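In the text below, chain A, chain B and the rest are named by the order of the sequence lines, each starting its count at 1. Model, not experiment: these values are computed from the prediction.
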There are 2 protein chains.
Amino acid sequence: MVIKTTRSNEAMGAKGEANRQHIVDVADNLFYQKGYNQTSFTDIAEASEIPRGNFYYYFKTKDEILLAVIEHRVVMIRSMLQTWDQEFTTPLDKLKRFAHILRVEGQDVCQFGCPLGSLTIELGKAQQELQSQAKGMFDVFREWLVKQFSDLGYPDNANHLAMQLMSRIQGIVVMAHAYNDPAFIETSANEIESWIDSLKKTN
Amino acid sequence: MVIKTTRSNEAMGAKGEANRQHIVDVADNLFYQKGYNQTSFTDIAEASEIPRGNFYYYFKTKDEILLAVIEHRVVMIRSMLQTWDQEFTTPLDKLKRFAHILRVEGQDVCQFGCPLGSLTIELGKAQQELQSQAKGMFDVFREWLVKQFSDLGYPDNANHLAMQLMSRIQGIVVMAHAYNDPAFIETSANEIESWIDSLKKTN
DNA sequence: GTCTATAATACGATAGAC
DNA sequence: GTCTATCGTATTATAGAC
């Protein structure tokens, strides 16, 4: 028996909620692998085995599906960061775990790029209202990184260091994706970790 | 009087050649500002004031327009690098001129991202045949950078240094685009230039 | 809540007159 | 070489039966 206490839509029961989440999950993958504008309702319908027409019961427009995907990603990112906060104690270890994403996601990244970066770039071209929503995913990471750099002893330029680290990782991903080069990711991940280590204060 | 000695199509006269080039120029801008898949024939027709149907006299498919745009960009890049080779003598100055692109293109980059990077990412999702063509634009830069790093005294890891420099610039562009932040470009350009200076060998 | 049928539009591409 | 008219398809979205 399934008992659900929270509902994102008052008129939606447990079954509907599960269907809605299934659509979001499938759309999340497809938007990453094919791009938002290149993913059709038919694509999502076939992958989710939910008829096209049903989508309009859960979402009024395609844009609303994207917003739900972004919200879902934000929740997943927050949850991941929370796990890291429990697994690692020092800011240095937490920062290195962040950089380690490169290796964990290396294969996907070479094929499809960064889920955050590629979506932001796509939307930034001509759908800037949606892009500013997607930017929220970067903000979650950035705010967490700012805290780590502050704790490490760089309270004054913590935000720039956070931007710098995210920027370096984005760049590595773009070039690794362009050249489909996993070795470049590996080498670059080592360099990033060395850089993080070099920020350790001895006093 | 216009005398043309080279023709990319045997059956095409001077007028046709000019029209063809005009289509390529307009498509180049639109593909950059709206993305390839989000740019329609109607968009190009309106911006160029050439009727939709005429395109098929010059190009068999939309993909062929993209290939012509990529070829055109490669030519422009080569020409730019040649100018730099004439304007600057030392590899250090040439590398710094490369990094200076960030400042020159700062405004466009904040709005639309990198013309090479954003196109490569878009095509990498589900049009990999086209992406491998777009990669050629990166290759022109990379091979030139490899020569500069070799001349600077790093013949063994010149290719990695080239990838590293391009990677850093791509990352800066992605974040500056995501946050629409020209100041981040300015600061980062200074950091890149300091890094290039630090590579100078004293012996 | 679920599903089918279909509207309304935009797309890339073709045919053929001039 | 130029231009118009149009085909066939794919798209998002709606209407309405169940």
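Taking only side-chain nitrogens and oxygens, A/Tyr58 comes nearer than 4.0 Å to OP1 or OP2 of C/dT2. OP1 or OP2 of D/dT2 sits under 4.0 Å from a side-chain N or O of B/Asn19.
For B/Phe59, the ring pair (Phe, Tyr, Trp, His ring centres under 6.0 Å) criterion is met by no residue, not counting sequence neighbours. Scanning for ring pair (Phe, Tyr, Trp, His ring centres under 6.0 Å) contacts around A/Phe138 gives an empty result, with sequence neighbours left out. For A/Glu191, there are no salt bridge (charged side-chain N to carboxylate O under 4.0 Å, His left out) partners two or more places apart in sequence or in a different chain. A/Tyr154 pairs by the ring pair (Phe, Tyr, Trp, His ring centres under 6.0 Å) definition with nothing, not counting sequence neighbours. In this structure, the salt bridge (charged side-chain N to carboxylate O under 4.0 Å, His left out) partners of A/Asp85, at least two apart in sequence or on a different chain, are A/Lys94.
Taking atom CG of A/Asn54 as the reference point, atom C1' of C/dC3 lies 6 Å away to the nearest angstrom. Atom OH of B/Tyr57 is separated from atom C1' of C/dA15 by 17 Å (rounded to the nearest Å). One atom, NE2 of A/His22, and another, P of C/dG1, lie 17 Å apart when rounded to the nearest Å. For B/Ile23 and D/dC3, the CD1 to P distance is 11 Å, given to the nearest whole Å. With rounding to whole Å, B/Ile44 atom CD1 is found 15 Å from C/dA10 atom C1'. We find that CZ of B/Phe59 is positioned 15 Å from P of C/dT14, with the value rounded to whole Å.
Aromatic ring centres of B/Phe88 and B/Phe98 lie farther apart than the 6.0 Å criterion allows.
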| Heavy-atom protein contacts under 4.0 Å, nucleotides 11-18 of chain D, coded B base, S sugar-phosphate only, - none | SSBB----

